[in-house]
Amino acid sequence: MKLLRVGPPGAERPIVLGPDDTAYDLSGRTPDLDGAFLSRLDTAELTGALGRGELPVVDLAGQRIGAPVARPGKVVCVGLNYRDHAAEAGAPIPAEPVLFLKASNTVVGPNDEVLVPRGSTKTDYEVELAVVIGRTARYLESAEQAAAVIAGYTVSNDVTERAFQLERGGQWDKGKCCETFNPLGPYLVTPEELGDPQALELRLWVNGELRQDGRTADMIFPVLEVIRYISQFMVLEPGDVVTTGTPAGVTMGRPGTAFLQPGDVLELEVSGLGRQRQVLGKA
């Protein structure tokens, strides 16, 4: 099942796509795709409602697509989770997942403008598989328990300002939390539709040039271990987002390649989860 939100920022409507990609309005069942809805999501019941014709059809032509989950409580990110990316960053393979937080107000729609921050010299991109949480998770003990708290998966662009991140002292958050630095979507795809999260392809293009071409099979810490691990240190709640790391090919790992500038176009995709497109602007 694919769920999405359409409409102007702050006024998005919840939508479910049928098997033939016909769009149906969920507004009669929930005001938004938020933690409260995800905590009670019953895909079998929704499938039945679609089959019985209980949901009104919606024309999505020309409508903006928002992030597939209303403003998350938190965005938890994993750094250096692909061996090839750790190598291009000159970092050792982590013994445990590297965690950092991204401000929830960085989340924008998958095709919204991304703003190069004031004073930026090294704005960069990172295509990632993101997990949306559907059940409260604390001290999970197994991969099976981790799988049970996942509402679905989506695409994230973990936009990063490298000079802010690495050259200005302190934590990575300086380079991760700038406005518009987490395009998310287009869809939230439920686990039974997506299948194995370790069998996905991730790609990103800059101005039509393929820069990243990776596989989730190459993660150091697989998705379910990431969720289990995070729950040992913080409580994950319905509507929270976890991004799981990026493969090699970021600008930082390509000596002589220019960092992003206003006017550049990013296109990115994860197999089974759809595609994003952003034109860069200036803050």
Side-chain angles (χ1 to χ4, degrees), residues 74-103 106 114 116-117 119-131 143 146 153 155-178 181-184 197-206 209-234 236 240-260 264 266 268 270:
K74 57 184 173 290
V75 180
V76 187
C77 307
V78 182
L80 302 173
N81 197 27
Y82 287 74
R83 290 174 177 82
D84 54 3
H85 177 55
E88 72 178 354
I93 300 299
E96 298 186 33
V98 175
L99 303 182
F100 61 93
L101 295 176
K102 201 155 188 166
T106 61
V114 167
V116 175
S120 169
T121 58
K122 296 182 179 180
T123 295
D124 209 345
Y125 49 80
E126 296 187 7
V127 59
E128 306 201 8
L129 171 66
V131 180
Y153 298 90
V155 183
S156 171
N157 186 358
D158 177 17
V159 186
T160 305
E161 214 294 338
R162 302 295 183 191
F164 294 178
Q165 177 192 15
L166 301 172
E167 301 170 18
R168 299 291 296 272
Q171 302 297 312
W172 285 8
D173 299 41
K174 287 180 183 177
K176 296 288 189 175
C177 291
C178 303
F181 264 26
N182 195 2
L184 202 65
Q198 304 306 147
L200 307 178
E201 300 177 349
L202 308 88
R203 296 187 180 90
L204 182 144
W205 295 259
V206 179
E209 177 191 8
L210 181 63
R211 295 280 186 87
Q212 292 186 274
D213 187 3
R215 308 290 182 272
T216 56
D218 296 330
M219 286 182 180
I220 299 167
F221 305 101
V223 170
L224 298 183
E225 171 57 16
V226 163
I227 301 303
R228 187 207 66 80
Y229 181 87
I230 292 171
S231 77
Q232 310 306 306
F233 302 95
M234 65 188 81
L236 293 171
D240 286 350
V241 173
V242 177
T243 67
T244 58
T246 198
V250 300
T251 309
M252 179 179 66
R254 299 167 58 94
T257 301
F259 284 91
L260 298 174
D264 285 342
L266 298 177
L268 53 149
V270 177

Is a side-chain N or O of [X] found less than 3.5 angstrom from the main chain of [Y], in a donor-acceptor match?
X: Asn81; Y: Phe221; answer: yes
X: Glu161; Y: Thr121; answer: yes
X: Gln212; Y: Pro247; answer: yes
X: Gln232; Y: Arg228; answer: yes
X: Asn157; Y: Pro183; answer: no
X: Glu225; Y: Ala143; answer: no

Legend entry - Within 6.0 angstrom of Glu167 CD, more than 12 heavy atoms from elsewhere: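 Atom CD in Glu167 is crowded, with more than 12 foreign heavy atoms closer than 6.0 Å.
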Could you tell me whether the side chain of [Y] reaches within less than 4.5 Å of the side chain of [X], counting heavy atoms only?
X: Asp218; Y: Tyr82; result: yes
X: Ser120; Y: Phe259; result: no
X: Val206; Y: Tyr125; result: yes
X: Val78; Y: Met219; result: no
X: Val75; Y: Asp240; result: no
X: Thr123; Y: Val159; result: yes

Legend entry - Lys122/Leu166 under side chain to side chain contact (heavy atoms under 4.5 Å, CB included): CA gap, chis, key distance, verdict: CA-CA 10 Å; Lys122 296 182 179 180; Leu166 301 172; over 6 Å; no
Inset, instruction - Tell me, with the steps shown, if Asp213 and Arg215 meet salt bridge (charged side-chain N to carboxylate O under 4.0 Å, His left out). - result: CA-CA 7 Å; Asp213 187 3; Arg215 308 290 182 272; 2.9 Å; yes
Just how far is it from atom [atom1] of [X] to atom [atom2] of [Y], taken to the nearest 0.5 Å?
X: Ile220; Y: Leu80; atom1: CD1; atom2: CG; result: 7.0 Å
X: Glu128; Y: Leu204; atom1: CD; atom2: CG; result: 11.0 Å
X: Leu260; Y: Thr251; atom1: CG; atom2: OG1; result: 5.0 Å
X: Cys178; Y: Gln165; atom1: SG; atom2: CD; result: 10.5 Å
X: Thr246; Y: Leu202; atom1: OG1; atom2: CG; result: 7.0 Å

Non-hydrogen atoms of [X] and [Y] that approach each other most closely:
X: Met252; Y: Ala89; result: CE-CB, 3.9 Å
X: Ala130; Y: Val241; result: CB-CG1, 4.1 Å
X: Ala86; Y: Pro92; result: CB-O, 4.4 Å

Legend entry - Pair listing, side chain to side chain donor-acceptor pair (under 3.5 Å) test, anchored in residues 90-99, at least two apart: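 Output for this query lists Glu96-Tyr229.
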Legend entry - Residues in salt bridge (Lys or Arg N to Asp or Glu O under 4.0 Å) contact with Asp158, at least two apart in sequence or another chain: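 Only Lys102, Lys176 meet the salt bridge (Lys or Arg N to Asp or Glu O under 4.0 Å) criterion with Asp158.
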Legend entry - Residues that Trp172 engages under ring pair (Phe, Tyr, Trp, His ring centres under 6.0 Å), provided they are two or more places apart: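 Trp172 satisfies ring pair (Phe, Tyr, Trp, His ring centres under 6.0 Å) with Phe100 only.
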Inset, instruction - Using the test ring pair (Phe, Tyr, Trp, His ring centres under 6.0 Å), find all partners of Phe164 that sit at least two apart in sequence or belong to another chain. - result: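 None.
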Legend entry - side chain to side chain contact (heavy atoms under 4.5 Å, CB included), paired with Tyr153, selected from Leu200, Val270, Val131, Thr244: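 One option only clears the test, and that one is Val131.
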Legend entry - side chain to side chain donor-acceptor pair (under 3.5 Å) partners of Asn182, counting only residues at least two apart: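 Asn182 satisfies side chain to side chain donor-acceptor pair (under 3.5 Å) with Ser156 only.
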Legend entry - Sequence-distant partners of Glu201, side chain to side chain donor-acceptor pair (under 3.5 Å), two or more places apart: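 Per chain and number, Glu201 pairs via side chain to side chain donor-acceptor pair (under 3.5 Å) with Arg203.
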Inset, instruction - Any chance you could lay out the side chain to side chain contact (heavy atoms under 4.5 Å, CB included) test for Ile227 and Val242, step after step, and finish with the verdict? - result: CA-CA 8 Å; Ile227 301 303; Val242 177; 4.0 Å; yes
Inset, instruction - Identify the residue among Arg211, Arg162, Arg254 that makes a salt bridge (charged side-chain N to carboxylate O under 4.0 Å, His left out) with Asp124. - result: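 The single option meeting the salt bridge (charged side-chain N to carboxylate O under 4.0 Å, His left out) with Asp124 is Arg162.
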